[in-house]
Amino acid sequence: MTIDYAEKIPNNVNLAGNRTLQRALEHWQPEFQSWWADVGPENTRNTDVYLRTAISVDPKGWAHFDHVRMQDYRWGIFLNPAEPHRRIGFGAHKGEAAWQEVPGEYRANLRRLIVTQGDTEPASVEQQRHLGLTCPSLYDLRNLFQVNVEEGRHLWAMVYLLHAYFGRDGREEAEALLERRSGDADNPRILGAFNEPTPDWLAFFMFTYFTDRDGKFQLASLAESGFDPLARTTRFMLTEEAHHMFVGESGVGRVLQRTAEVMARHKTDDPAVLRGLGVIDLPTMQRYLNFHFSVTMDLFGADVSSNAATFYSTGLKGRFEEAKQNDDHLLSDATYPVLEIRDGTLATVQAPALNALNEKLRDDFVRDSAAGVERWNRIIAKAGVPYTLHVPHKAFHRRIGPLAAAHVDPDGNVVGAEQWQANVHRWLPTAEDRAFVASLMGRVVEPGKFANWIAPPARGINNQPLDFEYVRFS
Ligand SMILES: [Fe+2]
Ligand SMILES: [Fe+2]
């Protein structure tokens with residue numbers, strides 16, 4: 001089914017067939033647009049961007065490329081096609097037909113899951129609002145805007161569910177999603193990492209690598225939901241999410257490539273010398289990595305959580321790749337290892353698997369994250385530089401769960417407050433690191449040119465050359 005962009009709200013959910021819903025969403029649309037104008041990418045109304053827009057959800061149509069004027073961008077509502085006779089794959093309702101309507105007894109929990117996911121989408125747009133002013137190239141600027149418009153669309157995806165299935169409280173939640181602001185003292189976004197600033201492009205690349213990857217794992221778990229409209233919505237979002245992680249992985253990779261090349265050419269690993277040469281030294285890269293990794297780890301929630309157990313048992317939120325898990329999909333007797341602080345050291349204890357589902361998803365995320373860090377290390381090694389990056393221990397710098405009670409270094413040693421204070425400048429970005437990275441952030445908008453601190457990408461977007469006009473200003 002091809003999506004009609006002449007419609008006020010492009011969609012593949014037959015919005016025209018439900019006038020009440022259509023009117024409600026058409027009422028929300030101008031509020032969304034004014035939110036976008038207020039806190040979306042700065043100064044972009046008259047910018048033409050080479051964007052990927054979905055014109056259908058099938059493999060041919062979901063990646064259609066063209067220059068689009070930002071103020072004319074149309075956010076649509078797209079669900080993956082229904083899987084006929086889909087059955088719930090886990091929990092107490094395992095084997096029953098997937099729900100097409102919200103079961104009354106699960107309404108509050110489902111709404112909470114949708115609102116929590118939905119809140120992250122506008123948050124990241126707000127966090128990234130100023131980055132366009134310091135882009136390292138047109139290619140990167142285009143990628144930033146691509147991520148931004150898709151996060152806007154993800155908000156639409158969640159708001160559609162709230163409006164279509166949750167009546168009046170759904171509409172109120174949809175309004176509140178436009179009222180909270182990332183980092184606002186009075187009305188912040190729901191989750192911690194989404195209130196951290198994204199002040200520079202290194203932070204942006206780390207964010208899209210790590211924090212958008214949290215998005216991948218959350219969406220993949222929601223894609224298992226017994227509530228079929230949520231499963232279909234999140235499945236389509238996942239296809240878009242892959243690009244966000246690509247922006248992060250290739251962005252960090254290009255920074256590393258540039259630094260490693262300069263290190264090899266000048267035969268130095270002295271951070272001061274490298275900074276003088278205008279590239280980001282590898283220890284600073286490691287500290288940024290430590291920060292974004294640890295802040296993202298907290299997004300998975302408490303290690304032992306009765307909410308996680310309830311969401312699973314009631315069929316609302318599954319595990320990553322639920323169907324591939326080789327067990328009873330009920331987890332009533334299973335256990336799962338979690339970490340605790342015992343006598344001043346980390347100890348592994350067995351928790352009921354149902355309650356440890358956050359921890360299980362976090363472990364899946366760690367594995368996926370670490371694989372990309374290995375790919376980064378190959379880039380450094382290829383330049384002949386003996387340095388490896390690592391993901392820190394999962395207990396490092398945690399703010400949520402029992403591990404938040406202790407200071408744990410990147411290797412997993414519990415350390416005292418004094419030792420933490422004396423060493424934290426080696427583990428997390430310092431004010432000086434951030435100031436240095438900020439000092440590199442110029443604005444490069446000449447087609448084919450790239451800032452000094454980052455290597456050009458291996459290829460352009462949609463096979464376009466590197467000097468293509470990915471963004472046009474007028
Ligand atoms: Fe998203
Ligand atoms: Fe994303």
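One-based numbering, in listed order, for ligands and for the atoms of each. Atoms considered below: every heavy atom in the structure, side chains included; atoms not considered: hydrogens, waters and symmetry mates. All figures in this text were calculated on a predicted structure; none of them were measured in a lab.
Salt bridge Lys216/Asp368: present, at least one basic N to carboxylate O contact under 4.0 Å. Salt bridge annotation for Glu26-Arg23: absent, with no cationic side-chain nitrogen under 4.0 angstrom from a carboxylate oxygen.
Judged purely by distance below 3.5 Å, without hydrogens or angles, the side chains of Gln286 and Asn290 pair a donor atom with an acceptor atom. Donor-acceptor pairing under 3.5 Å is recorded for the side chains of Tyr288 and Asp200.
Residues passing the salt bridge (Lys or Arg N to Asp or Glu O under 4.0 Å) test with Arg69 are Asp48, sequence neighbours excluded.
Inside a sphere of radius 2.8 Å centred on the Fe ion (ligand 2), the protein N/O/S atoms present are Glu151 OE2, Asp212 OD2, Glu241 OE2, His244 ND1.
The ring of Trp28 has its center closer than 6.0 angstrom to the ring center of Trp156.
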